[in-house]
Structure formats: C-alpha cells, structure tokens
Peer 1: 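Mind looking over this structure? Questions follow.
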Amino acid sequence: NECKKIFVPKIGRFSSGNYEKGFTLPEMQLTWNTGSRICTKTYEEKHFNSKEWFWFLGFYLAEGRTEKNGRNYNVYFYQKENSPYCKILDDCIEALGYHATKLHGERGMIRWTISDKQLYECFHTFGDTYTKYIPENVFSFDVSLQEALFDGMFAGDGTKKSGIYSTVSKQLADDVQRLLRNVGIS
C-alpha cells in the first residue's frame, strides 16, 4: 500500500514532501461481488490543506470512531448540540470535500456520519476507543501541524482553560502529554 511507505500507515502523504503544499490521500479501489457480477468503485486521490487535515484528524482521535457494515465504511463523529465546535466541524468537513449526514440524538448529542472507504481506511488505522494513538512520526512534523492536531483533539475531549484532556486510551493519554510538550504547553 502506497500510504504505508510514504507516511503514517494508510493515511497519505504530503504533496512534494512539503506540508505547506498540502496533504494527499492516495487513490484506492473498492471491489465487491454481487453474486452476478463484480463491481468496482474508485476513490480518486484527494488533496487537502495540511492544517485543516490535522485539525480533522485531531477531532477524530478525540470524538470519532469507524465502523464497517457490509460494504459500508463509515466514520462517525460525536459532539454536544450546544458546542461551538459543531459549526467548526461542519465547516471543516465541507472544506475537506466530504459529505456528512447529521443525526440529532438523545441527550443533546449530534452524530456525523461520513461514508467513505478511503477515509475509513485512514482513520481505522488509529485504533478503537481504548487503543487510539497519535502516530510516532507526527511528533517530527512542523509544530504548526502538531498545534492543529492539538486544537482538534481539545475541541473534542479537552478543556484548554484548565488544560484537562480526557481519554480512556492509555497510549493516547501518553501521546497527548508528548504533544503538549512539543507545542510548548507543559
């Protein structure tokens, strides 16, 4: 898989190796058998603004999960309806070129669903609720990208004023401490 060689496992690459030029998820294909024929869907290579992408990744690490159901590859995000980050997430999803359906659920929560195998494969790599982590090589990226990741993560599970971040993943908790040191917060 091209992603494994170039960047974080299954996630993508920076355009021309330069984060300022953007971030790319490589083309991929989904093939399935209907019983009477074989079908293929191609997901074209996608290019993103690097800082938007890293905010999005941070928010996923805090508030997201993946689920495969048959041929459906879903990425979910959760947030309280009254959160100021709902609009920011909507804007980010739109800026990155994704379409999300929103479900207003019980207890004042909203669930965004993005059905996209390419995005699923990217985010599924980072574990489930209890095993999420920040990929090792992210810590060597430009501080501005680490700050964007930090901002996305704290938009989901943190409180910047008090400096509190909550997670059930021990590895993610350790990674957040390292991220905080890298961005100058300790």
Peer 1: Side-chain heavy atoms under 4.5 angstrom apart, residues restricted to Ile, Leu, Val, Met, Phe, Trp, Tyr: same cluster for M28 and W32?
Peer 2: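 In one cluster: yes.
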Peer 1: Check for me, please, whether F77 and V168 land in the same ILVMFWY cluster - side-chain distances under 4.5 Å, paths through other members count.
Peer 2: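 No: no chain of side-chain contacts under 4.5 Å links F77 to V168.
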Peer 1: Distance check, rounded to the nearest 0.5 Å: L61 atom CG versus F54 atom CZ?
Peer 2: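 Spacing of CG (L61) from CZ (F54) equals 10.5 Å.
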Peer 1: Is a donor on one side and an acceptor on the other found under 3.5 Å between the side chain of K68 and the backbone of G70?
Peer 2: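 It does hold such a pair.
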Peer 1: Counting heavy atoms not belonging to H99, are there more than 12 under 6.0 Å from its NE2?
Peer 2: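 Incorrect, the count does not exceed 12.
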Peer 1: What closest approach, in Å, do C86 and Q79 show between heavy atoms, and which atom pair accounts for it?
Peer 2: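 That closest heavy-atom pairing would be SG-CG, 3.8 Å.
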Peer 1: Does this structure show an ion pair linking K170 with D175, if we count only N-O contacts that are shorter than 4.0 Å?
Peer 2: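 The answer is no: the pair does not qualify as a salt bridge.
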Peer 1: Determine, step by step, whether S50 and F141 satisfy the side-chain contact (heavy atoms from CB on, under 4.5 Å) criterion, reporting the C-alpha distance in whole Å, the side-chain angles of both residues, the deciding distance to 0.1 Å, and the verdict.
Peer 2: CA-CA 11 Å; S50 296; F141 294 158; over 6 Å; no
Peer 1: I'd like to know if the side chain of T42 reaches the main chain of E44, judged simply by a donor and an acceptor atom lying under 3.5 Å from each other, with no hydrogens or angles considered.
Peer 2: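 Not a single qualifying donor-acceptor pair exists.
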Peer 1: Can D142 and Q146 be counted as having a side-chain donor-acceptor contact under 3.5 angstrom?
Peer 2: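 Result is no, nothing qualifies.
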Peer 1: For the atom pair CG (N74) and CZ (R111), what is the distance rounded to the nearest 0.5 Å?
Peer 2: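 Between atom CG of N74 and atom CZ of R111 there are 8.0 Å.
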Peer 1: Are W53 and F48 close enough that their ring centres sit under 6.0 Å apart?
Peer 2: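 Yes.
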Peer 1: Rounded at 0.5 Å granularity, tell me how far NE2 in H47 sits from CG in L96.
Peer 2: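 Answer rounded to 0.5 Å: 13.5 Å.
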Peer 1: Indicate whether any N or O donor in one side chain lies under 3.5 Å from an N or O acceptor in the other, for Y76 and E67.
Peer 2: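 Yes, because at least one side-chain N or O of Y76 sits under 3.5 Å from a partner of the opposite role on E67.
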Peer 1: Using a 4.5 Å cut-off on heavy atoms from C-beta on, say whether the side chain of I185 contacts that of F150.
Peer 2: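 In short, these two side chains touch, coming nearer than 4.5 Å.
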Peer 1: Any sub-3.5 Å donor-acceptor pair from N49's side-chain atoms to E52's backbone N or O?
Peer 2: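 Checking the backbone N and O of E52 against the side chain of N49, a donor-acceptor pair under 3.5 Å is found.
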Peer 1: Taking the six-membered ring where the residue is Trp, are the ring centres of F59 and Y85 under 6.0 Å apart?
Peer 2: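 Aromatic pair excluded; centres sit 6.0 Å or further apart.
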Peer 1: Can you hop from L103 to I93 via hydrophobic side chains spaced under 4.5 Å?
Peer 2: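 Not linked; separate clusters.
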Peer 1: Under 3.5 Å, is there a donor-acceptor pair linking the side chains of Y78 and R65?
Peer 2: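 Yes, R65 and Y78 have a side-chain donor paired with an acceptor closer than 3.5 Å.
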Peer 1: Give the intermediate values and the outcome of side-chain contact (heavy atoms from CB on, under 4.5 Å) for residues L149 and F154.
Peer 2: CA-CA 9 Å; L149 182 72; F154 270 74; over 6 Å; no
Peer 1: Mind checking the CG-CD spacing from L30 to Q118? Nearest 0.5 Å is all I need.
Peer 2: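 So the gap between those two atoms works out to 11.5 Å.
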Peer 1: Nearest 0.5 Å please: distance from the CG atom of L172 over to the CG atom of L179.
Peer 2: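 So the gap between those two atoms works out to 9.5 Å.
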Peer 1: Can E45 and T24 be said to form a side chain to side chain donor-acceptor pair (under 3.5 Å), step by step?
Peer 2: CA-CA 7 Å; E45 187 173 80; T24 301; 5.2 Å; no
Peer 1: So with a 6.0 Å cut-off around NZ of K80, is the heavy-atom count from everything else above 12?
Peer 2: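 No, NZ of K80 has 12 or fewer neighbouring heavy atoms, counting only those of other groups under 6.0 Å.
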Peer 1: For the rings on F123 and F56, is their centre-to-centre separation under 6.0 Å?
Peer 2: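 Ring centres of F56 and F123 closer than 6.0 Å.
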Peer 1: Starting from F139, can I reach V176 by hopping between I/L/V/M/F/W/Y residues whose side chains sit under 4.5 Å apart?
Peer 2: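 Yes, it is one cluster - the side chains of V176 and F139 are joined through contacts under 4.5 Å.
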Peer 1: To the nearest 0.5 Å, what is the distance between CG (L119) and OH (Y43)?
Peer 2: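 Taking CG in L119 and OH in Y43, the distance rounds to 10.0 Å.
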Peer 1: Is D128 salt-bridged to K132, cutoff N-O under 4.0 Å?
Peer 2: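 No, no charged N to carboxylate O under 4.0 Å.
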Peer 1: Run the salt-bridge test on R178 and E136 with the 4.0 Å N-O cut-off and return the result as yes or no.
Peer 2: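 Yes.
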Peer 1: Could you check K51 against D151 for side-chain contact (heavy atoms from CB on, under 4.5 Å), going step by step and ending with a plain yes or no?
Peer 2: CA-CA 10 Å; K51 289 183 183 177; D151 288 343; over 6 Å; no
